[in-house]
Amino acid sequence: MSVDHRAVDQSWLADLRASLADDFAAQTARLRELTELNADTGDPSEAHNQAALLLATRRNIEQITGALGRISEGTYGACQKCGQNIPAERLEVLPHARFCVPCQEKHNK
């Protein structure tokens, strides 16, 4: 079953929007905490871990923001490369997915 991005179930979309908004708030709070904990301990591995956590958190925020934007634009569920519908199963696992699986595989190469 694929999601028709022109006729996505509005109840499901509202639930998804709420869930993404909650995730956005949690990731923003995490980013704030990580930024405040930016104390230099002198341990290079700790600095590396801190930088990796900051990067991952920022990436999560970007992905969530992108998904929320696509919902607002009415393009959520459409592959940004080929325009085909992204399967609902993929969107349930990766709600921020921008590409269908074949296009994602090409994008990763």
Side-chain angles (χ1 to χ4, degrees):
M1 170 177 124
S2 27
V3 175
D4 181 347
H5 61 277
R6 290 172 291 278
V8 173
D9 179 82
Q10 292 304 309
S11 173
W12 179 80
L13 205 54
D15 290 345
L16 176 64
R17 183 182 292 123
S19 175
L20 288 170
D22 289 346
D23 288 347
F24 180 83
Q27 291 297 316
T28 302
R30 180 178 184 198
L31 181 62
R32 193 174 314 112
E33 288 173 14
L34 289 169
T35 303
E36 290 171 0
L37 292 174
N38 200 14
D40 185 9
T41 62
D43 181 356
S45 66
E46 184 64 33
H48 177 74
N49 288 340
Q50 182 79 4
L53 286 170
L54 282 167
L55 179 64
T57 303
R58 286 184 178 121
R59 186 174 299 131
N60 287 340
I61 290 171
E62 288 173 10
Q63 291 172 336
I64 293 166
T65 301
L68 287 168
R70 289 189 298 281
I71 290 170
S72 294
E73 295 166 357
T75 60
Y76 184 81
C79 177
Q80 289 184 327
K81 186 153 183 100
C82 71
Q84 296 296 311
N85 294 333
I86 299 172
E89 297 82 7
R90 178 166 172 75
L91 292 173
E92 288 173 13
V93 173
L94 277 173
H96 60 270
R98 299 180 319 150
F99 305 113
C100 63
V101 173
C103 289
Q104 183 68 58
E105 289 173 349
K106 290 175 192 171
H107 181 77
N108 290 344
K109 288 184 181 183

Sidechain-backbone polar pair: Arg98 side chain, Lys81 backbone, donor-acceptor under 3.5 Å: no
CD1 on Ile64 to OG1 on Thr28, rounded to 0.5 Å: 7.5 Å
Spacing of Glu105 atom CD and Cys100 atom SG [to the nearest 0.5 Å]: 9.0 Å
Test item: Arg59 side-chain N/O and Leu55 main-chain N/O as donor-acceptor pair under 3.5 Å: no
Euclidean distance, Cys79 SG relative to Arg90 CZ, rounded to 0.5 Å: 8.5 Å
Listed partners of Asp23 passing side-chain hydrogen bond (donor to acceptor under 3.5 Å, both in side chains), at least two apart: none
Heavy-atom donor-acceptor pair, Ser19 side chain to Asp15 backbone, under 3.5 Å: no
Ile86 side, atom CD1; Gln80 side, atom CD - distance, nearest 0.5 Å: 7.5 Å
Shortest non-hydrogen contact between Ile61 and Phe24, atoms and distance: CG2-CE1, 3.6 Å
Spacing of OG1 belonging to Thr35 relative to CG belonging to Leu53, to within rounding of 0.5 Å: 11.0 Å
From CZ (Arg30) to OG1 (Thr57), nearest 0.5 Å: 3.5 Å
Nearest atoms (heavy-atom pairs only) where Gly83 meets Ala78: O-CB, 4.2 Å
Joint cluster assignment, Tyr76 & Leu94, ILVMFWY side-chain distance < 4.5 Å: no
Closest non-hydrogen atom pair, His96 against Arg70: O-NH2, 2.9 Å
Taking every non-hydrogen atom, the tightest pair across Leu20 and Ala67: CD1-CB, 3.8 Å
